[in-house]
Amino acid sequence: MSDLTRLTIAEARAKLRAREITSVELTEACLAAVDAADALNAVSAKTPQKAREMAAAADARLSAEGEGAPSLCGIPLGIKDLFCTEGVASQAASNILEGFRPPYESTVTARLWERGAVMVGKLNMDEFAMGSSNETSCYGPAVNPWRAKGSNRDLTPGGSSGGSASAVAAELCLGATGTDTGGSIRQPAAFTGIVGVKPTYGRCSRFGIVAFASSLDQAGPMAKTVRDAAIMLEGMAGFDPKDSTSADLAVPDFEAALTGDIRGKTIGIPKEYRMEGMPAEIDALWDRGAQMLRDAGAKTVEISLPHTKYALPAYYVIAPAEASSNLARYDGVRFGHRAKLGAGDAIVDLYEKSRAEGFGPEVQRRVMIGAYVLSAGYYDAYYLRAQKVRTLIKRDFEQAFETVDAILTPATPSAAFGIGEMADADPVAMYLNDVFTVTVNLAGLPGAAVPTGVDSSGLPLGLQIIGKPWGEAEMLDIAYALERSAGFTARPDRWW
Amino acid sequence: MSIDKATAARVAHLARIRVKDEDLETLAAELSGILGWVEQLGEVDVEGVEPMTSVTPMALRRREDAVTDGGIRDKVLANAPATREGFFAVPKVVE
């Protein structure tokens with residue numbers, strides 16, 4: 001395999017601008033890597049022809065603009081299947097959107113293409129982003145390029161952005177887009193030893209991203225390094241009049257904020273995140289991370305976020321409620337799957353049969369939970385109460401940020417687990433994967449997962465930095481300091 | 001909250017998802033499990049707390065009431081499973 005795919009975005013940018021390499025060469029290297037990685041099932045739709053055209057156009061632009069070309073010009077990226085890409089299969093890993101070809105482009109991907117980025121393909125994910133292991137996908141699970149020492153068992157790359165995580169960790173593309181509703185960027189990033197950033201709610205436009213839970217969904221970058229994530233985020237973010245919750249704020253130069261100098265910063269360590277039954281290795285990693293930040297000149301203080309334990313239950317009211325409403329549009333009429341009808345079947349049969357055939361079991365479960373908690377007589381007891389609890393969770397963070405600049409937590413309660421391992425578990429057991437990440441979505445805050453170490457079987461583990469609202473620049477700088485101290489250089493052995 | 005078979009059938013209909021009769025018991029048990037787990041929200045004192053409606057305080061923007069897109073009927077219909085004479089086609093709705 002060509003060494004070109006090993007480059008970071010920042011390294012590739014320098015070589016592309018200096019014309020030491022061309023985007024066509026870099027793109028061909030990624031396309032070859034994609035073709036050799038079918039065992040990972042990370043890519044749901046390959047787009048080689050589009051990639052080659054985009055790469056050639058990027059090369060022309062790089063020749064004309066040189067050092068002035070945008071940072072992402074000529075950089076091959078993978079796109080989560082949740083993003084609508086014009087004329088290219090976009091089906092949110094669901095059978096109900098089989099054959100769907102969007103007649104429009106999502107704002108986030110449109111911004112990336114305007115900046116000269118190259119699409120190598122669409123990436124696998126959990127169906128409608130509902131899952132933590134990529135196992136609910138209609139394409140079958142994506143596979144983690146990492147394996148435990150001495151084992152050839154397939155592990156999950158996490159979810160829902162599992163294909164994005166697998167593709168970046170296996171170096172099929174230099175970076176990928178993800179989306180994060182309860183942890184769907186940060187958990188897979190931690191499971192695969194890469195960096196994943198969920199921005200402040202409203203930083204990236206949701207237009208053209210298949211909606212799951214609209215008050216929680218947020219797009220973000222998944223990349224090899226904090227610097228690459230900063231470069232990508234700058235390319236993805238920005239005000240969009242087509243999304244009524246998009247923030248009309250200037251996008252800072254996130255990369256320029258990466259100084260690594262965190263002297264004088266105060267980092268909160270929330271005591272409620274030290275959960276019962278948490279593996280000792282996660283606990284030890286968290287302590288080491290705090291020590292790294294202190295060694296870099298920051299101060300750490302214990303803080304309290306008292307409503308933490310109610311975040312997951314509140315999430316599993318709010319997210320299914322919003323999902324049941326958003327997914328009402330899949331009715332077999334305007335796009336996607338329509339069931340074959342029997343004689344005498346009427347319009348309601350069309351809806352019910354199409355949705356039963358098109359939605360997988362986890363999506364059906366959540367849509368029904370949502371329908372229940374929103375139904376007459378239950379709205380106040382469930383949805384309204386959960387939204388009040390959400391206010392309290394947000395308030396916990398606001399109070400903490402009066403005294404701290406950022407918060408350090410584990411990213412996940414474990415390392416990557418085996419595909420199929422949770423098949424017989426209670427759905428709630430799978431939901432616990434998001435225990436450290438979901439609070440951030442409920443409060444609308446930015447969070448970054450940074451690879452910080454490996455466990456005793458050699459699998460990557462990550463820590464999470466939580467920032468203030470609109471404080472991605474400061475959060476990324478602290479993540480950068482942590483990344484430099486951790487010096488995580490492990491890579492998966494190539495078995496695929 | 002324990003969901004019985006009849007409630008599961010009602011919820012499935014509300015969600016417009018056809019569930020086979022023999023699968024309703026399992027569905028009821030799964031829904032009961034999840035709802036039982038979220039019951040713990042009842043422990044939280046939410047007296048006087050406003051429900052969260054937006055992440056950062058912002059007023060909904062207004063825009064001019066004007067057509068910004070359109071005239072793309074064939075593009076709109078291109079993904080439809082069935083169309084007729086420029087319309088979406090569905091089974092008979094009224095007798």
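This structure is a prediction, so every number in the text was calculated from the model and none was measured. Letters A, B, ... are given to chains in the order of the sequence lines, protein chains preceding strands, and every chain is numbered from 1.
Of the inter-residue distances, the one linking I347(A) atom CD1 with R16(B) atom CZ reads 11.0 Å to the nearest 0.5 angstrom. Between R390(A) atom CZ and L41(B) atom CG the span is 13.0 Å, to the nearest 0.5 Å. Distance check, rounded to the nearest 0.5 Å: CG of D248(A) to CZ of R61(B) gives 6.5 Å. One distance of note links CD of E30(B) with CD of E362(A); it measures 8.5 Å at 0.5 Å rounding.
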Show every donor-acceptor pair shorter than 3.5 Å between a side-chain atom in residues 310-324 of chain A and any protein atom, with sequence neighbours excluded, or say none if there are none.
residue	atom	partner	partner atom	Å
Y310(A)	OH	E43(B)	OE1	2.5
E322(A)	OE1	S214(A)	N	3.0
E322(A)	OE1	S215(A)	N	2.8
E322(A)	OE1	S215(A)	OG	3.2
E322(A)	OE2	S215(A)	OG	2.7
E322(A)	OE2	Y383(A)	OH	3.4
S324(A)	OG	A321(A)	O	3.0

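Side-chain atoms of Y372(A) and I3(B), non-hydrogen and from C-beta on, do get closer than 4.5 Å to each other. Side chains of R385(A) and V46(B) form a contact here, defined as non-hydrogen atoms less than 4.5 Å apart. In this structure, V373(A) and L35(B) have side chains that are in contact, with non-hydrogen atoms separated by less than 4.5 Å. Counting heavy atoms from C-beta outward, M368(A) and V19(B) have side chains that approach closer than 4.5 Å. Here the side chains of K309(A) and Q40(B) are in contact, with some heavy-atom distance below 4.5 Å. Between R365(A) and I17(B) the shortest side-chain heavy-atom distance does not fall below 4.5 Å.
Chain B forms more heavy-atom pairs under 4.5 Å with one residue of V333(A), L350(A), L384(A) than with any other, namely V333(A). For the set A346(A), P102(A), S244(A), the entry with the most heavy-atom pairs within less than 4.5 Å of chain B is S244(A). Taking Q387(A), R395(A), R101(A) one by one and counting their heavy-atom pairs under 4.5 Å with chain B, the maximum is reached by Q387(A). Ranked by heavy-atom pairs under 4.5 Å with chain B, the first of I369(A), L442(A), V367(A), T245(A) is I369(A). When F239(A), Y431(A), Y104(A), F359(A) are compared by the number of non-hydrogen pairs under 4.5 Å with chain B, F239(A) comes out ahead. Ranked by non-hydrogen atom pairs under 4.5 Å with chain B, the options P103(A), A386(A), A381(A) are led by P103(A).
Within the 4.5 angstrom heavy-atom criterion, only side-chain atoms of R10(B), from C-beta onward, approach chain A. Of the atoms belonging to A339(A), not a single heavy atom falls under 4.5 Å from chain B. At a 4.5 Å heavy-atom cutoff, the contact between L27(B) and chain A is made by side-chain atoms alone.
Of residues 74-88 of chain B, those residues with a non-hydrogen atom less than 4.5 Å from any non-hydrogen atom of chain A are, in numerical order, K75(B), N79(B), A80(B), P81(B), A82(B), F88(B).
Of all heavy-atom pairs between D45(B) and L392(A), the closest is O-CD1, 3.9 Å.
Under the salt bridge (Lys or Arg N to Asp or Glu O under 4.0 Å) criterion, E127(A) pairs with no residue at all, not counting sequence neighbours.
Among residue pairs with one or both ends in residues 340-358 of chain A, those qualifying as side chain to side chain donor-acceptor pair (under 3.5 Å) are H337(A)-E357(A), D345(A)-K353(A), D349(A)-R18(B), E352(A)-H13(B), E352(A)-R18(B); sequence neighbours excluded.
Atom CD of E50(B) is surrounded by 12 or fewer heavy atoms from other residues, nucleotides or ligands within 6.0 Å.
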